[in-house]
Amino acid sequence: MSETPYRYTADLAETIELAWQDRWEEEGTFHAPNPAGPWAEPDKVAGREKLLVLDMFPYPSGAGLHVGHPLGYIATDVFARYHRMTGKNVLHCLGYDAFGLPAEQYAVQTGEHPRKTTEENMVVMKRQLRRLGLGHDDRRTIATIDPGYYKWTQWIFTQIYNSWYDPEAVRPDGGKGRARPISELVAEFEKEGGSRWAVNSEGRPWAEMNDVERAEILDMFRLAYTSEAPVNWAPGLGTVLSNEEVTNDGRSERGNYPVFKTNLRQWMMRITAYADRLADDLDRVDWPDKVKAMQRNWIGRSQGARVAFAVDGTDIPIEVFTTRPDTLFGATFMVLAPEHPLVDSLVPQGDWASDTNPTWTSGQASPAAAVAAYRLAASRKSDVERQTEGKDKTGVFTGAFATNPVNGQRIPVFIADYVLMGYGTGAIMAVPGQDQRDWDFATQFELPIIRTVQPSEGHPEDEPFTGEGPAVNSANAEVSLDGLGVSEAKATIIEWLAGKGFGQPTVNYKLRDWLFSRQRYWGEPFPIVFDEDGVSHAVPDSMLPVELPDVPDYSPKTFEPEDASSQPEPPLGRVEEWVNVELDLGDGRGLRKFRRETNTMPNWAGSCWYYLRYLDPANDAAFVDPENEAYWMGPHATPVIGAAEGVVDPGGVDLYIGGVEHAVLHLLYARFWHKVLHDLGHVTSDEPFRKYFSQGYIQAPAYRDDRGQPVEASEVVEVADPATGETSYAWQGQPVTREFGKIGKSLKNVVSPDEMFEQYGADTLRVYEMSMGPLELSKPWETRAVVGAQRFLQRLWRNVIDEETGAVRVVDVPLDDATARALHKTIDAVSKDFPTLGFNTAIARLIELNNALTKLDAVPREAAEKLVVMVAPLAPHIAEELWQRLGHSESITFETFPVADPAMLVEDTVTCVVQIKGKVRDRLEVPSDISEDALREQVLGLPKVVAATEAGIRTVIVRAPRLVNVVPL
RNA sequence: GCCGGAGUGGUGGAAUGGCAGACACGGAGCACUCAAAAUGCUCUGCUCGAAAGGGCGUGCGGGUUCAAGUCCCGCCUUCGGCACCA
């Protein structure tokens, strides 16, 4: 029989934790009231501040959670629980991003319906999350695979499909450019003499066009449209991918399959229309600079000019984009991407001109032969090969010459694969004097180099100069840039070019439109049907959702991963009775025959708007009640900290925590959808995530044997060398090497939260994870160290409960002065740390206070109660239990967080540090309100100071009351 | 190559320009115990010293300052992101 039957052990923790989780569920403790909609409880909303705290949408993985996953969930939970104690109406919940590749791949292998495995995984994950004691509003746990959810995903798609971007329309905030219903565009087309009109390629006006022609015109405007364009095709996956899903070595982010560029008709999202707003509005949100930089980089906005170069023998000029129009006088040749559509019309018939430099011809007999050979070779090169070639420039002369508009010089036109068709105009003016790549090419092909910016002193002769400097060699009869700085020269030449009709200022972006269709089964079907003319139509709202049908075979047709010539075939295409339908779309044309779109949406679709559905998940009439959206997400009265003067707050989720791996993909797509919904008047907020915080990762030790293969980490033992005391590691008797890496199956280093619950309890796990270090840092997991968190909670428990009798042992006596001061210092520190996510330092302060209480003979009730309240956000179960045992019947959840008494924060006396020449030499207890003069005098009288200043004193720095620095002569 | 972050004890980490190393893990010792575990207490940056006390110390080299982990300049290492982006 144990002598301490009431000790806080893992078993007791489990009993307490399960009991409180049941009670929270029964009482609906974390149900957050809504102002409107099906769950309207306006009286509970009134007079309280709101707070919306969310985690990134998780995928319910079949392996369950490991200890790295809950880091962010615990952090948001602590934050949310803290704010409930400050009286706010806090909404915190979590759903499932349940469409996804793993379930589908499992289905392909086993024939098991992906819905079944996904739902099973969700059950496991739900259990694990509940066991953590997260204060989620469980009514709002949505899943993207529910038809009731994806009905609204499809509805949003039709909203985007039925919209166009009007760059001239004025927004409520005064800016220009917003989405408008496509019906308004059609109305303008139909208006005779209206401000907008359209003609098709044959010159026929709107009124005379047939349906197919009109659909083609509208596809040029719709924000969701189909287009035949080069897309990323991964034969090994059997699907196409967005640019964001392709790694920089030309492989799929998921599965690491080769990706090829193929021309296919696919669904696209016109995200480029929002490029400026997506870049500019980063100034309005509170996000890590790193993530803002990644988005800006991805959008890749650059200011420059478009300049047209006339070409000998054709009427069509070559248009280039340049960010350095000031260097135009140094343009000595041009380069087109091999795929550039003008190449064919440029290449002259017949043989090379007799004076052609032999290095330009690559040994081919004629320009046409050389170009054909080079294009073929370029098309066969993968992105990887193009990259590994690095700076070795290849290319070939087209035989054509263009004219430099500023000086009339005839300059040769090349094709080379260092110019990319996907950026700018796919053609450049080459300025070797001021560009490294052009310099390399010019050197290789013996082309002239003219410096048009004076290099700085000492700049090597044999290198291009890309820095700032005065323009040289840059004048014609009408304009001179000589002597001007780069930005003045740019402005001057652009003005001249524009006046002459040779060019105009322009802005270019790296961002491409978002490829939105996938040839997969496990995703949202498009709410789109095609009529017998092949014209697309949105399915009317009344027919949503378009439910995902069952199929005999879940796999898209996959191919040899290297088979670039293969074509995608979506699985839904095999369900003929689903694909071919007769519908009345309500457009007055009655029942007609249609074919359904057989592609499905990418995984990102469901995660682009889920945070909005949390706000009103039971609403059948709308994706979210506007009042609920305005309440939870609406703009704040004041902009975020650090935002520029005059900026309007965008609103959005008050705190969003998730991994930085979604910095570009999810966060950019969600912002885009949100802005469309904002423009169309469906949401008041202009950004989805007002404050985003990217948490670090938890890494765990992994071990490899002598062949470099990972071995099961849990079976590795630590061996201490008896002679040197150095530790090494062994697995089944063999020596292994240790490293720290991402937790997962591949490194065999998974630590499950289930093990932690069993050995320590959820509260201990929560405290340990929050105490490891700053939330934004990646930190190594150390199971051995978890015991520190458990000891803290155990001491806390013992301060309140007698381990032998189970009786409450706090005493109803007033606080002594030292305890009161320690308590209020802790309150002060902790209430600064919680709102700023400084949980590691908050825990350190709480441990200090708890240890101070441990040293008392008996713990005063006031100190114990306030400590328990402060611990509650971090370790809610033990706090609830102690709170109840201290005699309270209500949950601690809404207890008011203690407020520090400022009078208790000022000490009567403080330790003054006495420095001599900046080094600490003595200490002195002084009254905290001591005057500078009195302190100086006292310090100068100290024996050590007297001894050190025998030669005299140079200066004395007094920072009363904490520091005096005496500097002797 | 470009952009951004990080380098502090044996380990994770803490420090509005003002006592470097809070708190925790690990380690050492002591108490309790027949013993062990658990728990409690003490010590724990390196170094010289019996001690008192001293010297050194926040990746490296400079600088600013009475005073630098913190600010500035130049490097090194490392981790992310982007990358022939005109």
Side-chain angles (χ1 to χ4, degrees), chain A residues 2-4 7 9 248 288-298 300-302 304 320-324 327 331 335 337 386-387 389-393 416-420 422-431 434-438 440-441 508-511 660-661 663-664 694 696-697 725-727 767-768 771-774 776-789 791-792 794-795 798 803 829 838 840-848 850-851 854-855 911-923 954-959 962-968:
Chain A
S2 161
E3 287 170 20
T4 53
R7 172 165 292 177
T9 59
N248 57 16
D289 288 338
K290 171 194 170 119
V291 176
K292 288 187 183 184
M294 283 163 72
Q295 292 221 342
R296 286 206 182 92
N297 198 335
W298 190 262
R301 176 166 56 187
S302 56
V320 303
F321 171 75
T322 175
T323 55
R324 293 295 302 275
T327 64
V335 186
R386 264 167 97 140
Q387 257 189 28
E389 280 173 14
K391 288 217 155 70
D392 294 337
K393 296 284 180 289
D417 64 4
Y418 83 92
V419 172
L420 310 170
Y423 183 75
T425 61
I428 62 159
M429 62 177 209
V431 188
Q434 277 83 229
D435 184 283
Q436 182 69 53
R437 297 152 298 174
D438 296 344
D440 295 340
F441 193 86
N508 200 49
Y509 305 88
K510 280 201 273 184
L511 184 70
V660 74
E661 72 271 23
V664 175
S694 82
Y697 297 98
E726 276 175 38
T727 51
V767 170
Y768 173 65
S771 70
M772 291 172 80
E776 66 271 23
L777 250 56
S778 288
K779 298 145 289 207
W781 176 265
E782 197 181 354
T783 298
R784 193 168 61 173
V786 178
V787 71
R791 286 180 190 151
F792 163 50
Q794 231 165 33
R795 278 198 289 269
R798 193 158 46 230
E803 289 188 332
N840 55 327
T841 47
I843 290 169
R845 297 289 91 80
L846 293 168
I847 289 174
E848 275 177 320
N850 190 48
N851 288 349
T854 304
K855 290 189 171 66
T911 306
C912 174
V913 170
V914 180
Q915 297 182 335
I916 293 169
K917 241 179 116 187
K919 289 187 188 261
V920 181
R921 280 299 122 95
D922 209 347
R923 289 185 174 80
R954 186 142 71 107
T955 183
V956 181
I957 311 285
V958 183
R959 291 282 178 276
R962 296 228 175 245
L963 179 131
V964 177
N965 188 6
V966 181
V967 186

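Computed from a predicted structure; not experimentally measured. Below, read A as the first sequence line, B as the second, and so on, with proteins coming before strands; counting in each chain starts at 1.
The two residues A/I428 and A/V320 have their closest heavy-atom pair at C-CG1, 3.5 Å. Listed here is the closest heavy atom pair of A/P288 and A/S694: CG-N, 4.1 Å. Of all heavy-atom pairs spanning A/P968 and A/K917, the tightest one is CD-CG, 4.0 Å. A pairwise comparison of heavy atoms in A/A337 and A/V419 identifies CB-O, 3.3 Å as the closest pair. Residue A/M429 comes nearest to A/A331 through the heavy atom pair CB-CB, 4.1 Å, listed as atom of the first residue, atom of the second, then distance. Contact detail for A/L963 and A/C912: the closest heavy-atom pair is N-SG, 3.8 Å.
Counting heavy atoms of neighbouring residues, nucleotides and ligands inside a 6.0 Å radius, atom CZ of A/R954 does not exceed 12 of them. Applying the 6.0 Å contact sphere to CZ of A/R962 captures no more than 12 heavy atoms from other residues, nucleotides or ligands.
Rounded to whole angstrom, the span from the CD atom of A/Q434 across to the C1' atom of B/A86 amounts to 13 Å. Distance, A/I843 CD1 to B/C25 P: 13 Å, rounded to whole Å. Regarding A/K855, its NZ atom lies at a distance of 10 Å from the P atom of B/G40, rounded to whole Å. Between the CE atom of A/M429 and the P atom of B/C84 there is a distance of 20 Å, rounded to whole Å. Summarising the geometry, the separation between CG on A/D417 and C1' on B/C84 is reported as 9 Å, rounded to the nearest angstrom. Separating the OH atom of A/Y418 from the C1' atom of B/A83 is a distance of 16 Å, rounded to the nearest angstrom. Nucleotide B/C82 holds its C1' atom 14 Å from the CG atom of A/L511, rounded to whole Å. Residue A/R798 contributes atom CZ, which lies 6 Å from atom C1' of B/U39 at whole-angstrom precision.
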Taking N or O atoms only and anything under 3.5 Å, show me the protein contacts with nucleotides 30-38 of chain B, one pair per line.
unit_1: B/A38; atom_1: O2'; unit_2: A/R7; atom_2: NH1; d: 2.2

Restricting to nitrogen or oxygen on both sides, can you table the protein-nucleotides 3-14 of chain B pairs closer than 3.5 Å?
unit_1: B/G12; atom_1: O2'; unit_2: A/M772; atom_2: O; d: 2.9
unit_1: B/A14; atom_1: OP1; unit_2: A/N840; atom_2: ND2; d: 3.0

Under 3.5 Å, N/O pairs linking protein and nucleotides 52-59 of chain B:
none

Detail all sub-3.5 Å separations between protein N/O atoms and N/O atoms belonging to nucleotides 62-66 of chain B.
unit_1: B/C66; atom_1: O2'; unit_2: A/N965; atom_2: ND2; d: 3.3
unit_1: B/C66; atom_1: O2; unit_2: A/N965; atom_2: ND2; d: 2.5

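Using atom C1' as the reference point in both B/U11 and B/G1, the two lie 36 Å apart (nearest Å). Taking atom P on both B/A31 and B/U70, the two are 45 Å apart, rounded to the nearest angstrom. Distance noted for atom C1' between B/A24 and B/G74: 38 Å (whole Å). Using C1' as the reference atom, B/C84 and B/G5 are 26 Å apart when rounded to the nearest Å. If you take atom C1' in B/A38 and the same atom in B/U44, they sit 23 Å apart, rounded to whole Å. Between B/G9 and B/A20, the two C1' atoms lie 11 Å apart (nearest whole Å). The C1' atoms of B/C71 and B/G18 are separated by 14 Å, rounded to the nearest whole Å. Atom P of B/C79 sits at a distance of 16 Å from the matching atom of B/G12, rounded to the whole Å.
Counting only heavy atoms from C-beta outward, the side chains of A/N297 and A/K510 approach each other to under 4.5 Å. Between A/D435 and A/F441, the closest side-chain pair of non-hydrogen atoms is not below 4.5 Å. Residues A/F792 and A/Y768 have side chains not in contact (no heavy-atom distance under 4.5 Å, counting atoms from C-beta outward).
For B/G9, the base is syn relative to its sugar; the glycosidic angle is within 90° of 0.
The partner of B/U78 is B/G5, by the rule that a Watson-Crick or G-U pair needs both atom distances under 3.5 Å. With both pairing distances under 3.5 Å, B/U58 is matched to nothing as a Watson-Crick or G-U wobble pair. Taking a pair to require two hydrogen-bonding distances under 3.5 Å in either a Watson-Crick or a G-U wobble arrangement, B/U39 pairs with B/A31. Applying the Watson-Crick and G-U wobble criteria (two distances, each under 3.5 Å), B/A51 pairs with nothing in any strand. If you check B/G26 for Watson-Crick or wobble pairing at under 3.5 angstrom, you find it paired to B/U44. Pairing partner, B/U64: none, since no Watson-Crick or wobble contact has both distances short of 3.5 Å.
Remark: the A/R923 side chain and the B/C19 base include a donor-acceptor N/O pair separated by less than 3.5 Å.
For A/W298, there are no ring-ring contact (aromatic ring centres under 6.0 Å, His included) partners two or more places apart in sequence or in a different chain. Judged as a side-chain hydrogen bond (donor to acceptor under 3.5 Å, both in side chains), and not counting sequence neighbours, A/D289 has no contacts.
Nearest-nucleotide assignment on RNA chain B puts the 5′-proximal partner with A/A789, out of A/V664 and A/A789. Take the nearest nucleotide of RNA chain B for A/I847 and for A/Y509: the residue whose nucleotide is more 5' is A/I847.
A/T854 comes within 4.0 angstrom of nothing in the nucleic acid, heavy atoms only. Among the protein residues, A/V913 comes within range of the nucleic acid bases, having at least one heavy atom under 4.0 Å from a base atom. Looking at heavy-atom distances under 4.0 Å, A/R795 makes contact with sugar-phosphate atoms alone, never a base. Across all strands shown, A/A844 has heavy atoms under 4.0 Å from base atoms, whether or not it also approaches the sugar-phosphate. Within 4.0 Å of A/N851, counting heavy atoms only, lie sugar-phosphate atoms of the nucleic acid but no base atom.
Note that the CD atom of A/Q295 and the CG atom of A/L511 stand 10.0 Å from one another [nearest 0.5 Å].
Considering only the side chain of A/V787, B/C25 comes nearest among B/A86, B/C84, B/C25. When the nucleotides B/C23, B/A86, B/C84 are ranked by their closest atom to the side chain of A/E848, B/C23 comes out on top.
Side-chain N or O atoms of A/N508 include none that pairs as donor or acceptor with a backbone N or O of A/S302 at under 3.5 Å. Listed for the A/K393 side chain is no donor-acceptor partner under 3.5 Å among the backbone atoms of A/D438.
Applying the side chain to side chain contact (heavy atoms under 4.5 Å, CB included) test between A/K292 and each of A/K290, A/M294, A/R296 identifies A/R296 as the sole match.
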